[in-house]
Amino acid sequence: MIHTGERVKRERWKSNFSEWFSGILRSADIMETRYPVKGLFVWLPYGLKLRNHVFAIMRELLERSGHQEVLFPQLIPENIFKKEAEHIRGFEEQVYWVTHGGKDKLDVKLALRPTSETSIYPMFALWIRSHADLPIKIYQIVNIFRYETKMTKPMIRLREVTTFKEAHTAHAKPEEAEAQVREAVHIYKRFFDELGVPYVVTKRPRWDTFAGAEYSLAFDTLAPDGRTLQIGTAHNLGQNFAKVYELKYEAPNGKHHYVYQACYGVSERVIAAVMMAHGDDVGLCLPPNVAPIQVVIVPIPFKGREVPVEQIATAIKNELAAAGLRVHLDERDLRPGNKFYYWERRGVPLRLEVGPEDVKKEQVTVVRRDTGEKQAIAKGALKTKVKQLLEEITGDIRKRAWKSFHESVKDASDTETIKRVIEKRGGIARMPWCGGKACGKALEEQTGGDLLGEEFDGKTPSGACPICSKRAKVSVLIARTY
RNA sequence: GGGGUCGUGGGGUAGCCUGGUCUAUCCUGCCGGCUUUGGGAGCCGGUGACUCGAGUUCGAAUCUCGGCGACCCCA
């Protein structure tokens, strides 16, 4: 219980994550999950605010690094969509098609974009003339459709991903595309760090590379149930799409060359990652920078003394709002204890209580959502202290999330150990690997896990591949995945 | 891809096997009133449901088939 000043337990959060997650979506007013079409869900006002704050951080990071926002149509004509053969092989099972306009059958079917390479790159062909047009760095935040046949889950496996940030770039030189992938990784690290969401970066094995890419890097975080969740990807596309969509530029010497490309994406899965990273059995604990409400004020009125309490609460609200904080005064006619649980479920990082005792002593009682710690603060110091506490919470929940993440990544040198690591409530196993596909597949089969890929910028391991016993080339990460 | 379980007010459920006073139980939520307010108070009143379609039957929440949806296991 929070009122004892102790941290809230994380038993249900861990042992029954699925139930915890769907329960909290409703009880914290994040999403309505009863929309009558499989895999489609409704963002509620509070959840949407959270989503918007999260993606505002992404926008800021992209704009600061020279990306420009665009907005492309959602429909892609079949003939253009199907140009890149490998890309299509990767997606055709998952595409929704628009086949009719009213009662008329369309001459050319229209795909509801499952991702936007094939709608964006034909336009690149029109825009790219000379080397001076390069690089192009654009992004959009849009919905995409994928016909998922497996079990769907809000935010995690959707038929309509409502929130998909995809960036697409074109460059003159291969090393520029390579550098762009690195920049994407850098941006995503900053992004997830801002949210306190821990991650590993891996280079996906060749058989799990994005359809049409040279190679794919991916960010994975860990759900409380020990399974990994892919929360970001960055692909080096080389010239694969450039050759299909005729993306050529004229070099200073008058020669024409295909461009080199990168693309990288993050979806609303990141919201699930934020929720799970900092949640507990009571509910959410949102990072202050994305919390729709950063500070909630709960007045504690006593009969006959309501007036001063309410006046002071309102004054505090105005003071904090003027200081740029998202603050809410809960004036509902409910008992305080009820309100405490209500706002804790919704993850509001700081709660202020103003009661008769506080009025008498010219103080405010402040309670941290993450630790339950309760303290009295002199009214004069409130603004400064609140800001300071919010920063402390940001840092502390990030550290705490990383700590539990690190505890879940374990070294292994044989398949039995891997199995133990990734089994129930497990985590991620780190393994030496020869890099061969046959061994990779065998590892997956023998352990029941999925190969995330080789650690990006990881050290060369000293051990041997557990399957073929050859000297390992890379460290590979294995886990059960979402 | 294969197999299984399930669907009752806003949420969680009882009832179903053995069809009939089911006018559908309880908890919670929500609305109104009284009262209370430093960790989910209490009392009174109110609101609100058998997933959809077809079938069997005198009669279906209950039995059969199908759709839609949810969840679980295996590959």
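Naming: A, B, ... by sequence-line order, numbering from 1 per chain.
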(message) Regarding B:rG39, can its base be found pairing with the side chain of A:E344 as donor and acceptor, where the two atoms are less than 3.5 Å apart?
(response) yes
(request) Would you please name every residue forming a side-chain contact (heavy atoms from CB on, under 4.5 Å) with A:D107, sequence neighbours left out? (result) none
(message) Taking salt bridge (charged side-chain N to carboxylate O under 4.0 Å, His left out) as the definition, give me every residue that meets it alongside A:K361, ordered by chain and number, with sequence neighbours left out.
(response) A:E357
(message) I need the CG-C1' distance between A:L334 and B:rA41, as an integer number of Å.
(response) 12 Å
(message) Walk along nucleotides 68-75 of chain B from 5' to 3' and tag each nucleotide B, S or - by protein heavy-atom contact under 4.0 Å, base first, then sugar-phosphate.
(response) -SSSB---
Atom pairs and distances, side-chain donor-acceptor, residues 428-448 of chain A, under 3.5 Å, sequence neighbours left out:
residue, atom, partner, partner atom, Å
A:R430, NE, A:E455, OE1, 2.9
A:R430, NH1, A:D411, OD1, 3.1
A:W433, NE1, A:G436, O, 3.3
A:E444, OE2, A:L451, N, 2.8
A:T447, OG1, A:L443, O, 2.7
A:T447, OG1, A:G449, N, 3.2

(request) Can you sort out the partners of A:H100 under ring-ring contact (aromatic ring centres under 6.0 Å, His included), two or more places apart, ordered by chain and number? (result) none
(message) Among residues at least two apart in sequence or on other chains, which ones pass salt bridge (charged side-chain N to carboxylate O under 4.0 Å, His left out) with A:E32?
(response) A:R34
(request) May I ask you to say what A:R332 touches in the nucleic acid, namely base, sugar-phosphate or nothing, with a heavy-atom cut-off under 4.0 Å? (result) nothing
(message) Under the ring-ring contact (aromatic ring centres under 6.0 Å, His included) definition, can you give me all pairs with a residue in residues 272-330 of chain A, not counting sequence neighbours?
(response) A:H328-A:W343
(request) Determine the Euclidean distance between corresponding P atoms of B:rG48 and B:rC26; express it in Å to zero decimal places. (result) 16 Å
(message) Roughly how many Å apart are B:rA75 and B:rA49, using the P atom of each and rounding to a whole number?
(response) 44 Å
(message) Tell me the interatomic distance from A:L44, atom CG, to B:rG11, atom P, rounded to whole angstroms.
(response) 14 Å
(message) Looking at A:R400 and A:D370, is any side-chain nitrogen of the basic one under 4.0 Å from a carboxylate oxygen of the acidic one?
(response) no
(request) Please list, chain by chain and in numerical order, all residues satisfying salt bridge (charged side-chain N to carboxylate O under 4.0 Å, His left out) with A:E148, sequence neighbours excluded. (result) A:R157
(request) Would you confirm whether A:D330, through its side chain, and A:V298, through its main-chain N or O, come within 3.5 Å as a donor-acceptor pair? (result) no
(request) Just compare B:rG40, B:rG39, B:rG38 and give me whichever is closest to any side-chain atom of A:R345. (result) B:rG40
(message) Which nucleotide wins on minimum distance to the side chain of A:N338, given the candidates B:rG38, B:rG39, B:rA41?
(response) B:rA41
Taking only N/O atoms, report every protein-nucleotides 34-36 of chain B pair under 3.5 Å with atom names and distance.
residue, atom, partner, partner atom, Å
B:rU36, O2', A:R335, NH1, 2.8

(message) Checking side chain to side chain contact (heavy atoms under 4.5 Å, CB included) between A:D220 and each of A:I231, A:T202, A:L229, which is the one that passes?
(response) A:T202
(message) Can you check the distance between B:rG55 and B:rU62, where both ends of the measurement are the C1' atom (answer in whole Å)?
(response) 15 Å
(request) Let me know the distance between CH2 of A:W343 and P of B:rG40, rounded to the nearest Å. (result) 19 Å
(message) Wobble G-U and Watson-Crick pairs count when both distances are under 3.5 Å; given that, what is the 5' to 3' dot-bracket string of RNA chain B, with | for pairing to other strands?
(response) (((((((..(((.......[.....)))((((((.......))))))...(((((..]....)))))))))))).
(request) Quote, to the nearest angstrom, the P distance that separates B:rC63 from B:rU21. (result) 16 Å
(message) Test of understanding: with ring-ring contact (aromatic ring centres under 6.0 Å, His included), list the residues that count as partners of A:Y482, not counting sequence neighbours.
(response) none
(message) In this structure, how many angstroms lie between the P atom of B:rG38 and the CD atom of A:E310, rounded?
(response) 15 Å
(request) Provide the distance between the two C1' atoms, one in B:rG32 and one in B:rG69, to the nearest whole Å. (result) 36 Å
(message) Going by side-chain hydrogen bond (donor to acceptor under 3.5 Å, both in side chains), name the residues that satisfy it together with A:K49, two or more places apart in sequence or in a different chain.
(response) none
(request) Indicate whether A:Y341 forms a stack on B:rG40; treat it as stacked only if centroid distance is below 5.5 angstrom and interplanar angle below 30 degrees. (result) yes
(message) Checking side-chain polar atoms at under 3.5 Å, does A:Q74 have a donor or acceptor matched by the opposite partner on A:N143?
(response) yes
(request) Write down the distance separating the C1' atoms in B:rU64 and B:rU25, rounded off to the nearest Å. (result) 27 Å
(request) Provide, to the nearest angstrom, the distance between the CZ atom belonging to A:R369 and the C1' atom belonging to B:rG39. (result) 13 Å
(request) Quickly work out the A:D29 CG to B:rG11 P distance and round it to whole Å. (result) 14 Å
(request) Between A:T149 and A:V354, name the one whose nearest nucleotide on RNA chain B is closer to the 5' end. (result) A:T149
(request) Could you measure between the two C1' atoms, the one in B:rU35 and the one in B:rA41, and give it in whole Å? (result) 10 Å
(request) Indicate, yes or no, whether a donor-acceptor pair under 3.5 Å links the base of B:rG11 to the side chain of A:S27. (result) no
(request) Round to a whole Å and report the spacing from CZ of A:R351 to C1' of B:rG39. (result) 8 Å
(request) Determine the interatomic distance between C1' on B:rU51 and the same-named atom on B:rC6; round to the nearest Å. (result) 12 Å
(request) Report yes or no: is there a donor-acceptor pair, N or O only, under 3.5 Å between the side chain of A:E357 and the base of B:rG38? (result) no
(request) Mind listing the closest non-hydrogen atom pair of A:R204 and A:T209 along with its distance? (result) O-OG1, 4.1 Å
(message) Can you measure A:D358 atom CG to B:rG38 atom C1' for me and round it to whole angstrom units?
(response) 8 Å
(request) When you get a sec, tell me which of B:rG40, B:rU37, B:rG38 is the closest nucleotide to the side chain of A:P301? (result) B:rU37
